[in-house]
Structure formats: structure tokens, C-alpha cells
2 protein chains.
Amino acid sequence: MTTPLTTRTEIMSILENRGYRATAPRRVIIELLEGKKEGFTAEEISNELPGVGRATVFRTVKLLLNAGVLCRLNMMDGAPRYSISSVEHHHHTICVKCGNVGEFRATNIENLMRALSEQIPGEIVGHRFEFYVNCETCLAN
Amino acid sequence: MTTPLTTRTEIMSILENRGYRATAPRRVIIELLEGKKEGFTAEEISNELPGVGRATVFRTVKLLLNAGVLCRLNMMDGAPRYSISSVEHHHHTICVKCGNVGEFRATNIENLMRALSEQIPGEIVGHRFEFYVNCETCLAN
DNA sequence: CTCAGTGCAAATATTTTGCACTATG
DNA sequence: CATAGTGCAAAATATTTGCACTGAG
């Protein structure tokens, strides 16, 4: 369907711009992540890459998270899950059955934000909207 | 300011209606939680109540969570935090500095939800909106 | 009395860290 | 070739569970 906006090499250069080295383990991890449409846990990645040290996976995930390449999202029970983010600012739909992650931007939301910021005391520094869904594939079954 | 909508005895009867017993440890925990305006972790509660077993605190928090007395909310980094919920369906503001938790209902949001559900493929089964703020008290300092 | 609930400690996750080693730039 | 990055195992955290005991109804 749509080509991922963020490619392996793109991601590597994001890291390089931040002064990080393009090492083999990082390449391997990024290669695996790229194109994963489902949310994933650091644990899963670690299991799928026995050749890469567990700690390195966790360190790299955190790195990518800070670089904005990955998004952290929480399942309904709070379990952490990550997904590649292709668009700058967006929100997620997470299938509670299969873990598939969707992204969407809704200007509606940004407008709402502006309206809410007047109702909410204090200064909004961030927000998180997550929608838990049964995805179409799961519904079809 | 406002009296908490949910009192100790109210909470206890919510549990009793669900077939749970009104035991001493539960009373102690609820008494502590009641009126806490800041979000809290199970850990914190456990430390503040050395007389109550650690596992009991975790079990009770989970119980109250399922009963809808507590809300689970996530800090920006995903760390779990709980807060007493006074209104049925609502969203949270969480001060990233002091951890104070605010609640609000915005019919705006419910309307938005309805609009979004048409744009989002699949069946929405839940959502979570969290606003991270610097609260007025923290801004004042 | 009976069994849900408890405390304790051990078990199980989950993530981080220390450290000697490796390899990128 | 300096030092960021790595792997490993141990440590630190966080939560759950097994089990014998206690107390609410």
C-alpha cells in the first residue's frame, strides 16, 4: 500500500545527526523494526534477535524513542509497546486483540486541544490520546 | 473547595455491592487514598502503610481499579500512577512536576469521539486522553 | 464455621547497570 | 587509537503468587 515514510537509512542518519554511531547491532534492530505495522515490545525484539544483546535492544529502543523515531504507547492495562512513527505528530489506534497499530492525524484534535487549553488550568506541556480498537482484520474473523 | 464525591463509606459499599468484604486493611488503604489529590503509585501507598502487606496493597489497588474507584493513568514516560476518580467518565491532567491530578469532563471530547469513530477503521472499544501540564501551583513557584 | 482475605517470602517479570571488551569514525 | 558502543551477567525494580493463617459474615 503506502511506502513507509521512514526508511532504514533515513533512521540511521537521524541517529548520526544526533552524534550516534551507525553500528551493526543498531542497523540490525532498525532493519527489523522497519515495516513492522504491529506494536512491539522491547522483549519481542530481543527474542527475535538472539544475536544482539538484550541490553542493547533496550538501549536502542530508548535511543530511537528519544530521537522520535519510535513512539511509546500503552496498552489498556498500561503495558508498554512501541511503534515506528511515520508522521510528525499523530495519535494511535491499537487493536486490543492483535496489537496492530494505526496512526492518524486529526486536525479536529488539534482544534479541540486549543479549545481545551482554555478550560484547563495550568500550562499544557504534552498530551496523549490513545484509541483502543478491534481492528477490521480481527472483526472479520 | 469541593467535597470529594466519593467518601470512604461510599467506596466500601461499592466494594460490598460487588461481593467484597469490608476488611480492616482495605479500610486503612481507602482511608489513606481518600482525599489524595496527587496521583500515587501502589509502591508509595505500601510505604506509607507499613502495617499492611505489600501484596494486599497491590491487590486492593487492582480491586479498586476494576471497581472504577481508581483510575490508572500513565506519566509521560509510562510510569503507572493512580488517582481517585470522582466523576463517571472523565479525562486527566497530570502535573509533570508535582504529580497533582486534575479531572475534567468535556462534552467537546465526546463529540469529537463520535466524529473520529467514523474516520477510524475498526470498532473503538476504549480510549485514553491524558494531558500533561505544569499546574498553577508549580507555575507560581 | 467457612472461605475470602491476609501477610510473608519466594517467584516472576522487566529494565538498568557495571565492567571488560570491541570496533566505529 | 580514543572512546562510544556492546555483550554478558548481576543488580535493581516492580509486581505476582503460593501457602498457611486470620477474621468477616
Side-chain angles (χ1 to χ4, degrees), chain A residues 8-9 11-33 39-67 69-83 99, chain B residues 8-9 11-33 39-67 69-83 99:
Chain A
R8 198 166 335 181
T9 40
I11 296 175
M12 278 313 322
S13 56
I14 290 174
L15 289 192
E16 278 167 30
N17 289 340
R18 295 189 149 227
Y20 297 111
R21 289 183 183 168
T23 67
R26 282 178 186 159
R27 280 175 207 284
V28 174
I29 292 171
I30 291 170
E31 183 162 355
L32 176 65
L33 296 188
F40 45 84
T41 61
E43 176 73 26
E44 272 165 39
I45 302 303
S46 181
N47 291 338
E48 290 179 42
L49 296 176
V52 178
R54 187 181 187 70
T56 300
V57 171
F58 279 86
R59 282 187 277 233
T60 303
V61 165
K62 193 161 289 176
L63 205 65
L64 294 173
L65 200 58
N66 290 331
V69 173
L70 294 186
C71 287
R72 183 199 162 106
L73 40 89
N74 301 296
M75 300 306 283
M76 283 182 107
D77 67 354
R81 231 161 201 336
Y82 302 92
S83 79
Chain B
R8 195 169 334 179
T9 40
I11 296 175
M12 278 314 322
S13 56
I14 290 174
L15 290 192
E16 279 167 29
N17 289 341
R18 293 188 150 228
Y20 297 111
R21 290 184 182 167
T23 68
R26 282 177 186 159
R27 280 174 206 284
V28 174
I29 293 171
I30 290 170
E31 185 162 357
L32 177 65
L33 296 188
F40 46 83
T41 61
E43 177 73 26
E44 272 165 39
I45 302 303
S46 182
N47 291 340
E48 291 180 41
L49 296 176
V52 179
R54 187 180 187 70
T56 300
V57 170
F58 279 86
R59 283 187 277 232
T60 303
V61 165
K62 192 160 290 175
L63 205 67
L64 294 172
L65 201 58
N66 289 333
V69 173
L70 294 186
C71 287
R72 183 198 163 106
L73 40 89
N74 302 297
M75 299 307 282
M76 284 182 106
D77 67 355
R81 233 170 193 352
Y82 302 93
S83 79

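Here is the naming used below: chain letters follow the sequence lines, and residue numbers restart at 1 for every chain.
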(request) Pick base, sugar-phosphate or nothing for Ala24(A), based on heavy-atom distances below 4.0 Å to the nucleic acid. (result)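 Here Ala24(A) touches no strand at all.
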(request) List for me each residue that meets side-chain hydrogen bond (donor to acceptor under 3.5 Å, both in side chains) alongside Glu31(B), sequence neighbours excluded, and say none if there are none. (result) Arg8(B)
Would you kindly give the [atom1]-to-[atom2] distance between [X] and [N], to the nearest whole Å?
{"X": "Arg18(B)", "N": "dG5(C)", "atom1": "CZ", "atom2": "C1'", "answer": "17 Å"}
{"X": "Met12(B)", "N": "dA4(C)", "atom1": "CE", "atom2": "C1'", "answer": "13 Å"}
{"X": "Ile45(A)", "N": "dT15(C)", "atom1": "CD1", "atom2": "P", "answer": "13 Å"}

(request) For residues Phe40(A) and Ser83(A), report the shortest heavy-atom separation together with the two atoms involved. (result) CE2-CA, 3.9 Å
(message) To check you understand the geometry: which heavy-atom pair defines the closest contact between Val52(A) and Pro25(A), and what is its length?
(response) CG1-CB, 4.2 Å
(message) Side-chain N or O of Arg26(B) versus OP1/OP2 of dT6(C): is the shortest distance under 4.0 Å?
(response) yes
Find the distance between [atom1] ([X]) and [atom2] ([Y]) and round it off to the nearest 0.5 Å.
{"X": "Arg26(B)", "Y": "Ile11(B)", "atom1": "CZ", "atom2": "CD1", "result": "13.0 Å"}
{"X": "Thr60(A)", "Y": "Leu32(A)", "atom1": "OG1", "atom2": "CG", "result": "11.5 Å"}
{"X": "Leu15(B)", "Y": "Ile30(B)", "atom1": "CG", "atom2": "CD1", "result": "5.0 Å"}
{"X": "Tyr82(A)", "Y": "Ile45(A)", "atom1": "OH", "atom2": "CD1", "result": "11.0 Å"}

(request) Tell me which of Arg21(B) and Ala42(B) sits closer to the 5' end of DNA chain D, going by the nucleotide each one is nearest to. (result) Ala42(B)
(message) Any salt bridge linking Arg81(A) with Glu44(A)? Criterion: basic side-chain nitrogen under 4.0 Å from a carboxylate oxygen.
(response)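 Salt bridge present between Arg81(A) and Glu44(A).
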(request) Walking along DNA chain D from 5' to 3', note the first and the last nucleotide with an atom under 4.0 Å from a heavy atom of chain B, and give both. (result) dT15(D) to dG25(D)
(message) Does anything in residues 49-63 of chain A come within less than 4.0 Å of DNA chain C? Heavy atoms only, and list the residues if so.
(response)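 Those residues are Arg54(A), Ala55(A), Phe58(A), Arg59(A), Lys62(A).
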